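Note: hydrogens, waters and symmetry copies are ignored here, and every other heavy atom, side chains too, is used. Indexing begins at 1, ligand by ligand and atom by atom, following the structure's order. The model shown is predicted, which means the values in this text are computed figures rather than measured ones.
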Amino acid sequence: MVDYLSNALWTEDEVKFRKELQAFCNKEIAPTADEIDKGPFPRELLRKIGKAGYMGVHHDKSVGGTERGLSYEIIVAEEISAINGGLDMARMSSTTLYGMPLAKFGTDEQKKKYLTPVVSGDTIGCIGITEPDVGSDTAGMKTQAVKDGDDWILNGEKRFITNGSTADYMCAFAITDPSVKSKVGMSAFIVDTKSDGFSVVQDHDLMGMKSARVSWLKLDNVRVPSDMVLGDIGQGFRILMDELDSERTAIAGEAIGYARTPYEIAVKYSTERHQFGRPIKAFEGVSFKIADMAMKLEAGRALTLTAARMYDKGQKITKEAAIAKLYTTEVALEITNDALQILGGAGYTTDYPVERFVRDARLMTIGGGTVEILRFLIQREVFKEFFPR
Ligand SMILES: Cc1cc2nc3c(=O)[nH]c(=O)nc-3n(C[C@H](O)[C@H](O)[C@H](O)COP(=O)(O)OP(=O)(O)OC[C@H]3O[C@@H](n4cnc5c(N)ncnc54)[C@H](O)[C@@H]3O)c2cc1C
């Protein structure tokens with residue numbers, strides 16, 4: 001197959017990096033991609049990914065990263081998701097969703113203790129935003145943290161937390177001043193999941209992403225020392241918003257991965273499967289689907305890289321990250337669905353992994369900001385551009 005991924009969008013180093021990563025994924029992940037989907041993936045696999053350097057491409061060298069930036073993280077997200085979506089969801093939750101708030105707002109001491117072992121894959125992180133009564137409206141958060149001497153006592157519940165029951169640390173958001181708006185009354189904490197009062201209510205039984213663990217957690221008088229406060233007290237909402245920009249760009253990279261493998265399988269299948277005396281690719285009902293799939297993948301990759309490049313230059317990417325995530329996650333549903341259609345009955349069986357990618361892709365118009373919320377954010381940014389205050 002022609003290497004259609006190495007086009008002008010990418011630097012020579014990014015192309016080389018992708019090829020090395022593909023070789024690693026083919027050796028270490030692909031052979032057990034279906035097996036690990038019975039879940040949970042073996043912890044050792046995350047350690048291997050960390051040791052190979054693929055947890056830390058966007059982290060500083062001081063914490064064991066390679067300081068290459070988000071444009072490399074989206075390559076990692078795409079390549080691992082192209083093999084197993086749940087595994088990358090777990091990897092990314094640890095190193096990006098948990099890791100980026102620490103990288104940007106943590107003290108040197110906090111980074112050394114709580115980020116370095118995540119970058120090496122030795123420990124696992126998670127991010128705790130969502131609650132039973134709080135999803136899209138993060139400002140309505142109910143989990144509270146109350147000062148007790150030098151410590152903070154956290155009470156509340158966090159739901160749908162990727163890595164929740166397997167993580168060593170959680171970056172948890174809680175209200176520290178209920179008398180003011182959450183924008184200034186929310187704070188972020190690094191919580192040791194071995195703390196007294198931290199418990200797992202249940203692991204959710206998911207439609208897809210079967211190799212990951214996604215959990216409902218309870219914090220019952222969990223004591224957090226003040227040196228585990230992330231950033232300043234009252235800075236939580238800012239940390240959360242900042243995190244979401246890198247998260248959404250990285251998720252867009254994943255969405256390209258979920259869509260790419262079914263697309264490649266469908267292209268090959270359309271040349272092998274014959275009906276009415278011809279390969280089915282001879283029928284426009286099939287080949288035009290393939291044209292649309294290729295177009296959506298290229299467009300999605302360009303949008304995602306735009307957001308990542310801007311982030312790496314230190315620019316604000318709220319609109320670009322939302323556009324990339326919205327577009328790629330919606331087209332991932334269309335591409336995976338069309339791929340299954342091209343395979344006909346075979347696509348509906350587990351003989352091909354396409355059905356797994358359909359189930360995995362279904363999550364991403366929901367997690368990390370639903371498409372409805374992203375449309376709201378994009379139009380808000382557009383009006384700000386036209387009518388600045
Ligand atoms: C597998 C999985 C993994 C996850 N991992 C994590 C994690 O690691 N950490 C974490 O904190 N969270 C995680 N989440 C939570 C995820 O981010 C939320 O599910 C998501 O933000 C939506 O919240 P919700 O499910 O409560 O839906 P709700 O906010 O209740 O929304 C329900 C519906 O109403 C719509 N809606 C809500 N408000 C508006 C509005 N203003 N305008 C238009 N439509 C609106 C939504 O778009 C949606 O269609 C995960 C979720 C899943 C399913």
Under 4.0 Å from atom 32 (C) of ligand 1, do we find at least one protein heavy atom?
-> no

Would you say I129 has any N or O atom under 3.5 Å from an N or O of ligand 1, going by distance alone?
-> yes

Report the part of T370 (side chain from C-beta onward, or backbone N, CA, C, O) that has a heavy atom under 4.0 Å from ligand 1; answer both or neither where that applies.
-> side chain

With only distance considered, is R159 within less than 3.5 Å of ligand 1 through an N or O on each side?
-> no

Within the structure, does at least one protein heavy atom fall under 4.0 Å of atom 9 (N) of ligand 1?
-> yes

What residue and heavy atom of the protein are closest to atom 20 (C) of ligand 1, and at what distance?
-> I366 O, 3.5 Å

What atoms in ligand 1 come closer than 4.0 Å to a heavy atom of I161?
-> 7 (C), 8 (O), 9 (N), 10 (C), 11 (O)

When the side chains of residues 357-364 are checked against the rest of the protein, which donor-acceptor pairs come out under 3.5 Å, sequence neighbours left out?
unit_1: R359; atom_1: NE; unit_2: E355; atom_2: OE1; d: 2.9
unit_1: R359; atom_1: NH1; unit_2: M207; atom_2: O; d: 3.0
unit_1: R359; atom_1: NH2; unit_2: E355; atom_2: OE1; d: 3.1
unit_1: R359; atom_1: NH2; unit_2: E355; atom_2: OE2; d: 3.3
unit_1: D360; atom_1: OD1; unit_2: M209; atom_2: N; d: 2.6
unit_1: R362; atom_1: NH1; unit_2: T365; atom_2: OG1; d: 2.8

Determine, considering heavy atoms only, which of Y98, F376, F160 sits nearest to atom 51 (C) of ligand 1.
-> F160

Atom 23 (O) of ligand 1: which of G208, A90, G135 has the nearest heavy atom?
-> G135

About how many Å separate CD of E243 and CG of L240, when rounded to the nearest 0.5 Å?
-> 6.5 Å

What are the two closest heavy atoms between D88 and S81, and how far apart are they?
-> CB-OG, 3.4 Å

Consider every N or O of T162 and every N or O of ligand 1, then say whether any pair is closer than 3.5 Å.
-> yes

Protein non-hydrogen atom found under 4.0 Å from atom 4 (C) of ligand 1 = yes

Does any N/O atom on L97 come nearer than 3.5 Å to any N/O atom on ligand 1?
-> no

Would you say K384 has more than 12 foreign heavy atoms packed within less than 6.0 Å of its NZ?
-> yes

Less than 3.5 Å apart, which donor and acceptor atoms pair up between the side chains of residues 221-229 and the rest of the protein, not counting sequence neighbours?
unit_1: N221; atom_1: OD1; unit_2: N155; atom_2: ND2; d: 3.0
unit_1: R223; atom_1: NH1; unit_2: D148; atom_2: OD2; d: 3.1
unit_1: R223; atom_1: NH1; unit_2: D151; atom_2: OD2; d: 2.9
unit_1: R223; atom_1: NH2; unit_2: D148; atom_2: OD2; d: 2.8
unit_1: S226; atom_1: OG; unit_2: D150; atom_2: O; d: 3.2

With no hydrogens and no angle check, is any side-chain donor or acceptor of T11 less than 3.5 Å from a backbone partner on E14?
-> yes

With a distance cut-off below 6.0 Å to the six-membered ring centre and an angular limit of 45° from the axis, does K194 pair with Y169 as a cation-pi contact?
-> yes

Pick one of side chain, backbone, both or neither for how T130 approaches ligand 1, counting any non-hydrogen atom pair under 4.0 Å.
-> both

Aromatic ring pairing W216/H204, orientation class (parallel under 30°, perpendicular over 60°, tilted between) = parallel

Which residue supplies the protein heavy atom nearest to atom 35 (C) of ligand 1, what is that atom called, and how far is it?
-> E372 OE1, 4.7 Å

Atom 27 (O) of ligand 1: nearest protein contact (heavy atom, Å) | S136 OG, 4.3 Å

Can you name the one residue among I323, D312, D245 that meets side chain to side chain contact (heavy atoms under 4.5 Å, CB included) with I317?
-> D245

For atom 17 (O) of ligand 1, what is the nearest protein heavy atom, given as residue, atom name and distance?
-> G368 N, 3.3 Å

L363 and ligand 1 - part of the residue with a heavy-atom distance under 4.0 Å | side chain

Heavy-atom distance to atom 40 (C) of ligand 1: which of I373, L206, I127, L240 wins?
-> I373

So how far is it from K289 NZ to K281 NZ, rounded to the nearest 0.5 Å?
-> 16.0 Å

Residue Q341 excluded, over 12 heavy atoms near CD under 6.0 Å = no

